[in-house]
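The structure under discussion appears below in the form of structure tokens.
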Amino acid sequence: MLRFSADEGFWDAACERYWHREPFAFAVDADAAPFDEAGVFAALIAPGDRDPRDWLQVAEGSNPAQLRDYRLGTFKRFGPQSADGDFAGYYDRMAGVSFGFNVHDLGRRNPALAHVADIFDAQLGQHPLSPSPRKWELDTFAGTYPATPFGIHRDNASVFSFCLVGRRSVLLWDEDYFHPGHPDLTRPDPEIIARHAPAATRIDLEPGLGAYWPPSNWHVVLSDGNPFAVAQVSAYFDPADLGR
């Protein structure tokens with residue numbers, strides 16, 4: 001397994017074998033990790049306006065199978081607060097609730113993280129075999145939801161995901177496995193996802209591990225219902241550069 005470390009080996013291998021081609025798992029050296037729990041939590045509780053793309057969903061029951069089984073929640077009520085202290089305190093307060101959220105622009109919310117995107121851009125942004133990224137983003141996903149609320153999907157982004165808390169699994173499929181409009185897309189039903197799981201590449205994450213996948217891959221995230229949190233570095237591309 002590749003290691004995300006201070007030397008150039010990780011970047012060389014990522015560029016030559018994986019970048020914009022195929023997913024892979026990697027280990028993360030503690031002294032080279034671009035994120036830590038405290039820094040991401042500080043971004044979450046920082047004052048100021050939220051990015052309009054931020055969302056927080058709360059499940060109506062314990063077994064959500066459709067996006068309509070979730071309702072929008074407010075960060076003021078369901079999001080991390082300074083009084084929680086850290087992720088552990090936050091999840092203690094939220095015990096028994098199935099929920100999840102996505103918060104963008106971590107570098108603006110915590111300037112100590114702003115340099116992370118620059119590191120990835122310097123190493124990968126100008127790779128000759130890749131379209132030039134339109135932008136780099138830092139965001140975080142956290143919660144206890146059993147599957148991504150909007151089910152199997154794909155984005156216009158190459159994603160590096162670093163696990164900070166708990167465990168979760170990423171299932172990934174090649175671009176020709178599904179076609180846009182397939183009836184099993186965008187549905188968080190565990191039975192539907194299980195139907196396609198044998199054909200997927202599965203990457204299991206826990207603290208100290210990370211995953212990469214390119215924009216061509218359909219994907220969904222699964223968890224065992226226990227708390228998790230990841231921080232991500234994503235390179236976004238224009239759809240035309242991806243043939244979409």
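Counting begins at 1 with the first residue of the sequence. Hydrogens, waters and symmetry mates are skipped; everything else that's a heavy atom, side chains included, is used. Model, not experiment: these values are computed from the prediction.
When hydrophobic clusters are built by joining Ile, Leu, Val, Met, Phe, Trp and Tyr residues whose side-chain heavy atoms come closer than 4.5 Å, directly or via intermediates, Leu44 is grouped together with Leu113. In terms of hydrophobic clustering, with Ile, Leu, Val, Met, Phe, Trp and Tyr side chains grouped at heavy-atom distances under 4.5 Å, Phe26 and Leu164 are assigned to a common cluster.
The distance from the NZ atom of Lys135 to the CG atom of Asp238 is 10.0 Å, given to the nearest 0.5 Å. Rounding to the nearest 0.5 Å places CZ of Phe75 at 5.0 Å from CG of Leu56. The distance from the OG atom of Ser216 to the CZ atom of Arg154 is 8.0 Å, given to the nearest 0.5 Å. The line from CG of Asn217 to CD1 of Ile152 is 12.5 Å long, rounded to the nearest 0.5 Å.
Judged by distance alone, the side chain of Ser161 and the main-chain N or O of Gly210 form no donor-acceptor pair under 3.5 Å. At least one donor-acceptor pair under 3.5 Å links the side chain of Asn102 to the backbone N or O of Thr140. No donor-acceptor pair closer than 3.5 Å links the side chain of Asp29 to the backbone N or O of Asp31. Side-chain atoms of Asp189 come within 3.5 Å of backbone atoms of Glu191 as a donor-acceptor pair (strictly under, hydrogens ignored). Asn110 places no side-chain N or O within 3.5 Å of a backbone atom of Ala42 that could act as its donor or acceptor partner.
Aromatic ring pairs are classed by plane angle as parallel below 30°, tilted from 30° to 60° and perpendicular above 60°; the pair Phe10 and Phe24 is tilted. In this pair, Trp173 and Tyr177 present their aromatic rings parallel. The plane angle is below 30°, not in the 30 to 60° band. Note on ring orientation: taking the six-membered ring where Trp is involved, the planes of Trp213 and His219 are tilted (angle from 30° to 60°). Below 30°, between 30° and 60°, or above 60°: for Phe228 and Tyr145 the angle between ring planes is above 60°, a perpendicular geometry.
The side-chain heavy atoms of Asp105 and Asp139, taken from C-beta on, include no pair separated by under 4.5 Å. Within the 4.5 Å cutoff, side-chain heavy atoms of Ser98 are placed close to those of Pro146.
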**Study point:** Full working for side chain to side chain contact (heavy atoms under 4.5 Å, CB included) between Arg109 and Arg50
**Key:** CA-CA 9 Å; Arg109 299 189 64 82; Arg50 292 201 170 275; 3.8 Å; yes

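The side chain to side chain donor-acceptor pair (under 3.5 Å) check on Asp184 picks up Arg195, His196, with sequence neighbours excluded.
Paired with Trp136 under the rule side-chain contact (heavy atoms from CB on, under 4.5 Å), one option of Val116, Ile119, Leu124 passes, and it is Leu124.
Note: Phe160 and Phe4 fail the aromatic proximity criterion, with ring centroids not under 6.0 Å apart.
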